[in-house]
Amino acid sequence: MSVNIRAIVADEFDVFLRCIGGPFAFDLPDDEKERADTLERFSKTFEVDRSRCAFDGDQMVGTLGAYTHQMTVPGGSVSCAGTTMVTVLASHRRQGILRKMMTEHFAEARERQDPIAALWATDSGIYGRFGYGLATVSTNYELDRAHVAFHRLAPEPDAARFVDAAAAAKILPPIHAAILPTRPGMFARTKVWWDTERLADRPEDRGGATTYRFVVSYDGDGNPSGYVQYRIKEGWEHHHGAHEVRIVEMMGLTASAYAGLLKVVLAHDLANKITASRRPVDDPIFDLLASGRRAAPEITDAMWVRILDVPAALTARRYDTAGTAVIRTNDPMNGETRTWILETDGMESNCRRTDADPDIELDIEDLGSAYMGRSRFGELVRAGRAVGDHKAARNLDRMFTWDPQPWCPEVF
C-alpha cells in the first residue's frame with residue numbers, strides 16, 4: 001500500500017466530511033440545499049492549507065485539520081496549531097497512517113513557527129504517543145434545584161437581564177476578550193468563529209432543547225460584567241415541571257458577575273436541575289453555593305498540548321517563582337532525547353540546550369501536560385513516569401504552577 005499525505009482543496013470538502021462521517025458516525029444531509037449549507041458553514045472556519053489527509057490511490061482514507069489559534073499561556077500567549085478532525089477509516093487502521101499525518105502536521109506547524117499544537121482527544125489513549133500531554137481538565141456538574149442556596153459569604157449579585165441574540169452578538173465578545181488574557185488554555189475568537197461556532201443556533205444542535213437564552217450581568221456603573229448562554233430542555237414529572245437548564249457557556253469578570261448570572265439560571269421554577277459541561281475545575285459556583293458538593297462535580301480530561309519548540313514555548317510563558325531547572329525530554333515521535341536549561345526571574349526567561357545533568361527527565365508528553373500551569377512534576381515522579389528527585393520536582397512545580405487553573409471552554 002502506498003499512501004500519499006497532502007492538503008485537500010476546496011472542492012474536496014464533501015469527500016472530507018464524508019470520510020470523517022464514518023468514524024464519527026454522522027451523514028451529510030440528503031437534501032441538496034441542506035448539504036450545500038453544511039459545506040458552506042464548514043468552509044468558513046476550515047483552513048484547507050493546514051489540512052493533512054491520507055489518500056490510498058484516489059480514495060481519502062484519513063483526515064487531519066488544523067485551526068490557527070492564538071492561545072493564552074501563563075502570563076502571555078502563543079500561536080497554536082489546533083489539531084482537529086483526525087480520523088482513519090476502519091479499512092486502513094493499524095497501517096501507520098495516523099503517524100504519517102501527524103508527522104506532516106507537525107512539520108507544517110513548525111514551518112509556521114507554532115511553538116505548540118493542541119487538541120481535544122476523542123480517545124484519551126491515542127495521543128500521548130505523539131507527544132500530546134493532558135494540559136487542562138474540566139468539570140461537568142448537575143445541580144438539583146432543591147439545593148441552590150447561596151453561601152452566607154457570597155457577594156451581592158450584579159444586576160442581570162435577558163438580551164436577544166442580536167444584542168448578545170455585540171455584548172459577549174468584548175467580555176470574552178477581557179477574560180482571555182487571564183486564563184491559560186483559552187484562545188482568541190474571530191468574528192467568524194463567534195458567528196459560526198459560538199452563536200449559530202442550528203436546530204440540529206439543540207438536542208431537543210430550546211434556542212439559546214442569553215443573560216448579561218451589569219456592574220454598579222451599568223457596564224456588562226458577564227454573560228451566560230443556555231438552553232432549556234422541557235420535562236414533566238407527575239404534572240410538575242422537571243425542565244433541565246443546560247448551561248452552554250458562562251463567563252464573568254468578577255465574583256459579583258457570576259453571582260448575578262447564577263441567580264437568574266437557578267431561578268427557573270419549572271426546572272428541577274441545572275447542568276453544565278466543560279467548566280473550569282475552579283468554577284466559582286462551588287464557592288458561591290452553600291453546598292458546592294450538591295453540584296456533583298465530575299472531572300474529565302479536556303485539552304491536550306504538544307510542545308513543538310521547547311525553547312520558544314517555555315520562554316513565551318511566565319512562571320510563578322524565579323528559578324533554574326535542567327530538563328531532559330524524550331520525544332516519542334522520533335526518539336530524540338535533548339536536555340534544556342530553563343532560567344527565569346518569573347517574568348523573563350531563557351531556555352537553551354545544555355550538556356548539564358538533568359534535574360528531571362520526562363517524556364515531551366508530560367512536559368506538555370504541565371505547560372499551561374497544571375503543574376504535575378511531583379505527581380509524575382511519584383508515579384514513575386518522570387525521573388528526578390523530589391526536591392527538583394517541587395522546584396519545578398513551584399515554577400510552573402499558575403492561578404487561575406488552565407481551562408479551554410470549547411472543543412475545537
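The analysis underlying the following values was restricted to heavy atoms, covering all of them including side chains, and did not include hydrogens, waters or symmetry mates. When a residue number appears, it is its place in the shown sequence, counting from 1.
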(message) If you apply the rule side chain to side chain contact (heavy atoms under 4.5 Å, CB included), what do you find for Asp114 with Ile116, and how did you get there?
(response) CA-CA 5 Å; Asp114 293 329; Ile116 65 171; over 6 Å; no

(message) Could you tell me if Thr339 and Arg328 have a donor-acceptor pair between their side chains, going purely by distance under 3.5 Å?
(response) yes

(message) Looking at Arg183 and Asp282, is any side-chain nitrogen of the basic one under 4.0 Å from a carboxylate oxygen of the acidic one?
(response) yes

(request) Please check if the side chain of Thr136 supplies one atom and the backbone of Met303 the other of a donor-acceptor pair under 3.5 Å. (result) yes

(request) Could you check whether the rings of Phe46 and Phe42 sit parallel, tilted or perpendicular, using 30° and 60° as the cut-offs? (result) parallel

(message) If we ignore hydrogens and angles and just use 3.5 Å, is the side chain of Asp219 paired with the main-chain N or O of Asn223 as donor and acceptor?
(response) yes

(message) Using 0.5 Å steps for rounding, measure from the CD1 atom of Ile5 to the NE2 atom of His105.
(response) 13.0 Å

(request) Determine whether the side chains of Tyr132 and Thr83 contain a donor N or O and an acceptor N or O closer than 3.5 Å. (result) yes

(request) Identify whether NZ of Lys or CZ of Arg in Arg6 sits under 6.0 Å from the centre of the six-membered ring of Phe55 and within 45° of that ring's axis. (result) yes

(message) Quick test of your reading: applying side-chain hydrogen bond (donor to acceptor under 3.5 Å, both in side chains), list the pairs with at least one residue in residues 257-270, sequence neighbours left out, ordered by first then second residue.
(response) Tyr230-His268

(message) Does the Lys NZ or Arg CZ of Arg161 fall within the cation-pi geometry relative to Tyr218 - under 6.0 Å from the ring centre and within 45° of the axis?
(response) yes

(request) Using only heavy-atom distances, determine whether the side chains of Asn350 and Arg352 contain a donor-acceptor pair under 3.5 Å. (result) yes

(message) Is it true that, when you exclude Asp31 itself, more than 12 heavy atoms of the residues, nucleotides or ligands shown sit nearer than 6.0 Å to its CG?
(response) yes

(message) More than 12 heavy atoms of other residues, nucleotides or ligands under 6.0 Å from CG of Asp357: yes or no?
(response) no

(request) Report yes or no: do Arg231 and Thr211 form a side-chain donor-acceptor pair below 3.5 Å? (result) no

(message) Side chains of Arg198 and Thr196: any donor to acceptor distance under 3.5 Å?
(response) no

(message) Check this for me, if you would: do Arg278 and Glu410 make a salt bridge, where the nitrogen-to-carboxylate-oxygen distance has to be below 4.0 angstrom?
(response) no

(message) Just by distance, no angles: are the side chains of Ser217 and Asp158 close enough, under 3.5 Å, to form a donor-acceptor pair?
(response) no

(request) Kindly write out the residues that satisfy ring-ring contact (aromatic ring centres under 6.0 Å, His included) with Tyr319, not counting sequence neighbours, or none if the list is empty. (result) Phe400

(request) Taking only Lys NZ, Arg NE, NH1 and NH2, and the carboxylate oxygens of Asp or Glu, determine whether Asp37 and Arg41 approach each other closer than 4.0 Å. (result) no

(request) Using a cut-off of 6.0 Å, state whether more than 12 heavy atoms not belonging to Gln113 lie near its atom CD. (result) no

(request) Taking Asp201 for its side chain and Tyr212 for its backbone only, find out whether a donor-acceptor pair lies under 3.5 Å. (result) yes

(request) Give a yes or no on this: more than 12 heavy atoms of other residues, nucleotides or ligands lie within 6.0 Å of atom CZ of Arg94. (result) no

(request) Please check if any side-chain donor atom of Gln405 sits under 3.5 Å from a side-chain acceptor atom of Trp407, or the reverse. (result) no

(request) Would you confirm whether Asp144, through its side chain, and Lys273, through its main-chain N or O, come within 3.5 Å as a donor-acceptor pair? (result) no

(message) Using a 3.5 Å distance criterion without hydrogens, assess whether the side chain of Tyr227 forms a donor-acceptor pair with backbone atoms of Ala168.
(response) no

(message) Can you confirm whether Glu204 is buried at CD, in the sense that more than 12 heavy atoms of other residues, nucleotides or ligands lie under 6.0 Å from that atom?
(response) yes

(request) Verify side chain to side chain donor-acceptor pair (under 3.5 Å) between Thr344 and Ser349, making sure each step is shown before the conclusion. (result) CA-CA 4 Å; Thr344 181; Ser349 304; 2.8 Å; yes

(request) Determine whether more than 12 heavy atoms belonging to other residues, nucleotides or ligands lie under 6.0 Å from atom CG of Asp49. (result) yes

(message) I need the minimum non-hydrogen distance between Ala109 and Ala81, along with the two atoms involved.
(response) CB-CB, 3.9 Å

(request) Flag the pair Asp205 and Arg202 as a salt bridge only when some basic side-chain nitrogen lies within less than 4.0 angstrom of an acidic carboxylate oxygen. (result) yes

(message) For a quick check under 3.5 Å, do His92 and Asp56 share a side-chain donor-acceptor pair by atom type?
(response) yes

(message) By the definition side chain to side chain donor-acceptor pair (under 3.5 Å), identify the one residue from Glu142, Arg246, Glu244 that meets it with Thr275.
(response) Glu244

(message) Could you check whether Glu379 pairs with Arg385 (Lys NZ or Arg NE/NH1/NH2 to Asp/Glu carboxylate O, under 4.0 Å)?
(response) no

(message) For Leu266, is there any backbone N or O sitting under 3.5 Å from a side-chain donor or acceptor partner on Arg145?
(response) yes

(request) Kindly say whether Leu180 contributes a backbone atom to a donor-acceptor pair with the side chain of Thr72 at under 3.5 angstrom? (result) yes

(request) Report yes or no: do Asn330 and Thr337 form a side-chain donor-acceptor pair below 3.5 Å? (result) yes

(message) For residues 174-207, which residue pairs pass the ring-ring contact (aromatic ring centres under 6.0 Å, His included) check, not counting sequence neighbours?
(response) Tyr67-Trp193, His69-Phe187, His69-Trp193, His176-Trp194, Phe187-Trp193, Phe187-Phe412

(message) Determine whether a donor-acceptor pair (N or O, by modelled atom type, separation under 3.5 Å) exists between the side chain of Arg353 and the backbone of Arg338.
(response) no

(message) Quick check for you: to the nearest 0.5 Å, what is the distance between Asn4 atom CG and Glu104 atom CD?
(response) 9.0 Å

(request) Look at atom CG of Asp164 and say whether more than 12 heavy atoms of other residues, nucleotides or ligands are closer to it than 6.0 Å. (result) yes

(message) Is it true that, when you exclude Glu47 itself, more than 12 heavy atoms of the residues, nucleotides or ligands shown sit nearer than 6.0 Å to its CD?
(response) yes

